[in-house]
Amino acid sequence: MSVSRRAFLGGAGAAGAGLVAASCSSSRKSPAAADDVVAFHGANQAGIATPPQDRLAFAAFDVMPGTTRAELATLLRTWTDAAARMTAGLPVVPDDAARPEAPPQDTGEAAGLPAAHLTITIGFGPSLFDDRFGLAHKLPAALARIPALPGDDLDPAISDGDICVQACADDPQVAFHAVRNLRRLAFGTAALRWFQLGFSKTSSTLTGTATPRNLLGFKDGTNNITSDDHAGLAAHVWVGAETDQAWMKGGSYAVTRRIAMRLEAWDRDNLADQENVIGRHKISGAPLGAAAEHDAVPLTAKNADGTAVVPMDAHIRLAAPSENAGLRILRRGYSFTDGTDPDTGELDAGLFFIAYQQDPRKQFVALQRKLGAHDALNEYIQHRSSAVFAVPPGTQPGGFVGEGLFA
């Protein structure tokens, strides 16, 4: 008798709930490496305020036609159980569950590798809340599609999605392994819509650490919210009592943008102009008119000729919280490079921008409307993809990410 892939995986997912507590004899890491594990369970999902790791694998999925509400819930439970194991440095299922006559249940490329601070973060796009699964009444008002913004040139094929998975790790193979295996577990239920790898984190959330540089060569995210700034996280990142959907309390909203950089044009520009575009000194990272990276931006300072020391269209000025009624977001971006552009022959490279916030309508959209219209940096960048996801709160052992949707 034939068994459908969806039915097979549904059964595996239901059984998977007990796998998290399986024996550590199937671990792919040594006990001495326990300090490279980021706890999966907790009040908030890991991978948001977690100090950014070196590598990113980000995927968006669409739920397949004919999938039922129960099958969607089973997939999320299966993914939660698998994510808890992989972030602990374990294979997707215990080694003793493997059967020689069947395909391996873990793809194996992370065997022997440490956990590498792997985090797996799951979110839901606005499209998941249509009439397919009876979730329309669970749609948060803040999960509104990102509207058309100044300067956008978006490719629908690499935008949006029903569900997102963000895997971050200090080893690129560990991050890739996580998404690859979650995709495999989703066969018959959800299909990959788009996928993005990233490297060289471009933002820091740790106080006192060196700020990373983006592919333009500038330090990026100097004024980012830090993981120990609990007041800042509560005020700008974590969803609180203001939400219209109780299942999102303790969660956050992620906005992603694939931003191509015109590196050849940038590399031909003179240093003074580059620094005026950004509003910082390239090497030190100090704001123009200041001495050190973390000095206050002298937004009112004038040159001898009366012009602003930090140009009026400089990126740092337009993005400054003081110029945006205190608006802040938690940036968690990564650089990317995907070969060359077939039309121009130039490098296909840039920033995969990820930002977490309480309400994208009031934070990202408001900020990007201003940047897209006035930022001098627009001469050298192009926004090519866009998505927004509701990232629910964390879960406890025995629960699953997004279970509040089905309560």
**Report entry** Side-chain donor-acceptor contact under 3.5 Å, T222 with E293
**Finding:** yes
Requested in this report: Fit a plane to each ring of W247 and F129, take the angle between them on a 0 to 90° scale, and name the class: parallel (under 30°), tilted (30 to 60°) or perpendicular (over 60°).
Outcome: parallel
Requested in this report: Using modelled atom types only, decide if a donor and an acceptor are shared between the side chain of D229 and the backbone of G232 within a distance under 3.5 Å.
Outcome: yes
Query raised in the report: So, for R145 and S127, which heavy atoms are closest and what is the spacing to 0.1 Å?
Result: NH2-CB, 3.7 Å
Query raised in the report: So, do L215 and L351 sit near enough that their side-chain heavy atoms are less than 4.5 Å apart?
Result: no
Query raised in the report: Does the side-chain contact (heavy atoms from CB on, under 4.5 Å) test come out yes or no for V237 and Q358, once each step is laid out?
Result: CA-CA 5 Å; V237 178; Q358 279 183 343; 5.7 Å; no
Report task. In plain terms, say whether D162 and R132 are close enough for a salt bridge, that is, a side-chain N and a carboxylate O under 4.0 Å apart. Result -> yes
Query raised in the report: When the ring centroid of F353 is compared with that of F364, is the distance short of 6.0 Å?
Result: yes
Query raised in the report: Any side-chain donor paired with an acceptor under 3.5 Å for Q274 and K282?
Result: yes
**Report entry** Heavy-atom side-chain contact between K302 and T307 under 4.5 Å
**Finding:** no
Report task. Using a strict cut-off of less than 4.0 Å between a Lys/Arg side-chain nitrogen and an Asp/Glu carboxylate oxygen, indicate whether D62 and R193 qualify as a salt bridge. Result -> yes
Query raised in the report: side-chain contact (heavy atoms from CB on, under 4.5 Å) between D170 and R55: does it pass, once the steps are laid out?
Result: CA-CA 6 Å; D170 290 329; R55 303 286 181 151; over 6 Å; no
Query raised in the report: Is there a side-chain contact between E323 and K370 (heavy atoms, below 4.5 Å)?
Result: yes
Query - Residue pair T67 / F133, side-chain heavy-atom distance below 4.5 Å - result: yes
Query raised in the report: Is the shortest distance from a Lys or Arg side-chain nitrogen in E109 or R180 to a carboxylate oxygen in the other one below 4.0 Å?
Result: yes
Query raised in the report: Do we see a donor-acceptor contact under 3.5 Å between the side chains of H236 and R328?
Result: no
Report task. Verify whether the ring centers belonging to F389 and Y253 lie closer than 6.0 Å. Result -> no
Query - Least distance between heavy atoms, P392 atom then M248 atom - result: CA-SD, 3.8 Å
Report task. Establish, from distance only, whether the side-chain atoms of H315 and D375 form a donor-acceptor pair under 3.5 Å. Result -> yes
Query - F336 vs F58 side-chain heavy atoms within contact, under 4.5 Å - result: no
Query - Donor-acceptor contact below 3.5 Å, side chain S159 vs main chain D155 - result: yes
Query raised in the report: Does a donor on one side chain sit under 3.5 Å from an acceptor on the other, for N181 and T107?
Result: yes
Query raised in the report: Can you find a side-chain donor-acceptor pair between D171 and H177 that sits under 3.5 Å?
Result: no
Query raised in the report: Any side-chain heavy atom of R262 within less than 4.5 Å of one from I381?
Result: no
**Report entry** D220 and its side chain to side chain donor-acceptor pair (under 3.5 Å) partner, picked from K201, R331, R213
**Finding:** R331
Query raised in the report: Does any non-hydrogen side-chain atom of V277 lie less than 4.5 Å from one of Y380?
Result: yes
Query raised in the report: So, do T87 and V37 sit near enough that their side-chain heavy atoms are less than 4.5 Å apart?
Result: no
Query raised in the report: Does a donor on one side chain and an acceptor on the other come within less than 3.5 Å for D54 and Y334?
Result: no
Query raised in the report: Would T119 and Q53 count as having a side-chain donor-acceptor pair, cut-off 3.5 Å?
Result: yes
**Report entry** Derivation of the ring pair (Phe, Tyr, Trp, His ring centres under 6.0 Å) call for Y356 and W238
**Finding:** CA-CA 9 Å; Y356 287 93; W238 303 129; 8.2 Å; no
Query raised in the report: If you measure from the Lys or Arg side-chain nitrogens to the Asp or Glu carboxylate oxygens, is any gap between D152 and R257 under 4.0 Å?
Result: yes
Query raised in the report: With a 4.0 Å cut-off, would you call D338 and R258 a salt bridge?
Result: yes
Query raised in the report: Just by distance, with hydrogens left out, do H117 and D36 show a side-chain donor and acceptor under 3.5 Å apart?
Result: no
